[in-house]
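Accompanying notes for the structure given below.
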Protein chains: 2
Amino acid sequence: MNQLDQAFAALADPTRRGIVVHLARGEASVSDLVGLFHLTQPTISSHLKVLEAAGLISRRRVAQLRPCKLETERLKAVTDWLEQVQEIWEGNYKRLDALLAELKQTQKEERKK
Amino acid sequence: MNQLDQAFAALADPTRRGIVVHLARGEASVSDLVGLFHLTQPTISSHLKVLEAAGLISRRRVAQLRPCKLETERLKAVTDWLEQVQEIWEGNYKRLDALLAELKQTQKEERKK
DNA sequence: CGTCTATATAGATAGTTGTCAATATACAAA
DNA sequence: TTTGTATATTGACAACTATCTATATAGACG
């Protein structure tokens with residue numbers, strides 16, 4: 001699995017997206033996050049493992065706490081891929097628009113005859 | 001599974017992302033797409049089913065052909081989610097920046113005394 | 001030391017996924 | 001109607017996922 005695969009797969013779970021949204025507001029410990037969902041601590045820990053493996057979060061050590069932090073560069077890599085697709089698509093439209101403009105011009109010139 | 005779940009999950013596979021990139025350039029039939037990957041036709045058909053269920057593509061009927069078209073609105077919904085997260089994160093930084101600016105000001109004023 | 005708190009790991013289970021070969025369906029064309 | 005071409009469906013298999021309970025580890029604090 002490459003990085004984009006892992007990032008998209010990680011974001012395909014609503015619990016993990018919830019974690020991401022929460023971490024966008026700032027660091028949080030595992031137990032903070034457990035408090036947000038009706039899921040057990042091991043389940044949350046496993047979701048965090050997935051997010052970390054995908055490069056979407058990182059973790060520090062503070063005594064027994066393991067504060068989690070959002071890694072926005074990886075999030076940006078995902079957005080970048082989507083925007084590239086959008087650009088190809090729009091390029092397509094640009095080409096189509098140019099084609100239609102050309103057609104219109106041709107029709108106008110034909111009317112002159 | 002909700003729409004975002006399905007869209008992210010659909011995009012988590014490299015073959016499906018390849019299909020999306022190809023369709024960004026314009027419509028393509030199933031056999032066009034089969035030609036792009038070293039996978040069997042049923043496998044490509046199953047990927048297309050996933051993309052269609054996720055609302056990322058749509059299909060027409062033209063004789064025996066089933067041209068596939070990218071649905072950019074759904075792609076945009078995914079981008080929107082990512083941008084919202086980014087905005088929360090940046091809002092965070094803005095608040096932090098404001099805090100640091102305030103701190104600097106306080107220190108400056110303390111030096112005057 | 002023993003105990004409490006925070007987190008990780010292990011093992012089980014039910015459900016989902018990606019892939020294939022084989023077969024079925026839908027339409028076209030001879 | 002027979003044949004050919006494009007696509008879908010079926011059934012199988014191995015791999016992976018989300019979740020749980022139970023248990024282990026790591027550090028803080030008495």
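A quick note: this is a predicted structure, and the numbers were derived from the prediction, not measured. Every chain is numbered from 1 and lettered A, B, ... according to where its sequence line falls, protein lines coming before strand lines.
The B:Q64 side chain lies nearest to D:dA6 when the options are C:dA8, D:dA28, D:dA6. The nucleotide whose nearest atom lies closest to any side-chain atom of B:L39 is, among C:dG18, C:dA6, C:dC20, C:dC20. Ranking C:dT7, D:dC20, D:dG27 by closeness to the A:V30 side chain, first place goes to C:dT7. Proximity note for B:H47 (side chain, C-beta onward) versus C:dC27, C:dG18, C:dC20: the nearest is C:dG18. Distance from the side chain of A:P42 is smallest to C:dA10 among C:dT7, C:dA26, C:dA10. Comparing C:dA26, D:dT7, D:dG27 by their closest approach to the side chain of B:R61 singles out C:dA26. Comparing atom distances between the A:R59 side chain and each of D:dT7, C:dA8, D:dG27 picks out C:dA8 as nearest.
For the residue pair B:Q41/B:S45, the side-chain donor-acceptor check at 3.5 Å is satisfied.
To the nearest 0.5 Å, the span separating NE2 on A:H22 from CZ on A:F37 amounts to 8.5 Å.
Between the C1' atom of C:dC27 and the CZ atom of B:R60 lies a distance of 16 Å, rounded to the nearest Å. Atoms CE (B:M1) and C1' (D:dT17) sit 12 Å apart, rounded to a whole Å. For the pair A:L11 CG and D:dT17 P, the computed distance is 14 Å after rounding to whole Å. Nucleotide D:dA8 holds its P atom 8 Å from the CD atom of B:E52, rounded to whole Å. Rounded to whole angstrom, the span from the CZ atom of A:F8 across to the P atom of D:dT17 amounts to 17 Å. Atoms CD1 (B:I44) and P (C:dG18) sit 12 Å apart, rounded to a whole Å. Spacing between atom CG of A:D5 and atom P of D:dA15 amounts to 18 Å, rounded to whole angstrom units. Summarising the geometry, the separation between CZ on A:R17 and C1' on D:dA18 is reported as 15 Å, rounded to the nearest angstrom.
Within the nucleic acid shown, A:S29 comes within 4.0 Å of sugar-phosphate atoms alone, with no base atom in reach, counting heavy atoms only. Nucleic acid contact class of A:S31 (heavy atoms, under 4.0 Å, all strands): sugar-phosphate only.
Between D:dT9 and B:K49, a contact under 4.0 Å exists linking OP1 or OP2 to a side-chain N or O. In this structure, B:S45 reaches the D:dA8 phosphate: one of its side-chain N or O atoms is under 4.0 Å from OP1 or OP2. The side chain of B:R66 contributes no N or O atom lying less than 4.0 Å from OP1 or OP2 of D:dA6. Residue A:T43 places at least one side-chain N or O under 4.0 Å from the OP1 or OP2 atom of D:dC20. Under 4.0 angstrom from either OP1 or OP2 of C:dG18 there lies at least one side-chain N or O belonging to B:R16.
Between A:W81 and A:F8, the ring planes lie perpendicular to each other; the angle is over 60°, past the 30° to 60° tilted range.
Between A:A9 and B:L65, the residue anchored nearer the 5' end of DNA chain D, judged by the nucleotide with its closest heavy atom, is B:L65. Comparing B:D32 and A:V62 by the nucleotide of DNA chain D that holds the closest heavy atom to each, the one mapping nearer the 5' end is B:D32.
In this structure, B:N92 and B:R95 have side chains that are in contact, with non-hydrogen atoms separated by less than 4.5 Å. Looking at B:T43 and B:T15, their side chains never come closer than 4.5 Å, going by heavy atoms from C-beta outward.
Between the base of C:dA8 and the side chain of A:Q41 there is a donor-acceptor pair shorter than 3.5 Å.
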List the atom pairs, donor and acceptor, that lie under 3.5 Å between side-chain atoms in residues 51-69 of chain B and the rest of the protein, sequence neighbours left out.
unit_1, atom_1, unit_2, atom_2, d
B:E52, OE1, B:R59, NH1, 2.4
B:S58, OG, B:E71, OE2, 2.7
B:R60, NE, B:E27, OE2, 3.1
B:R60, NH2, B:E27, OE1, 2.8
B:R66, NE, B:R60, O, 3.2

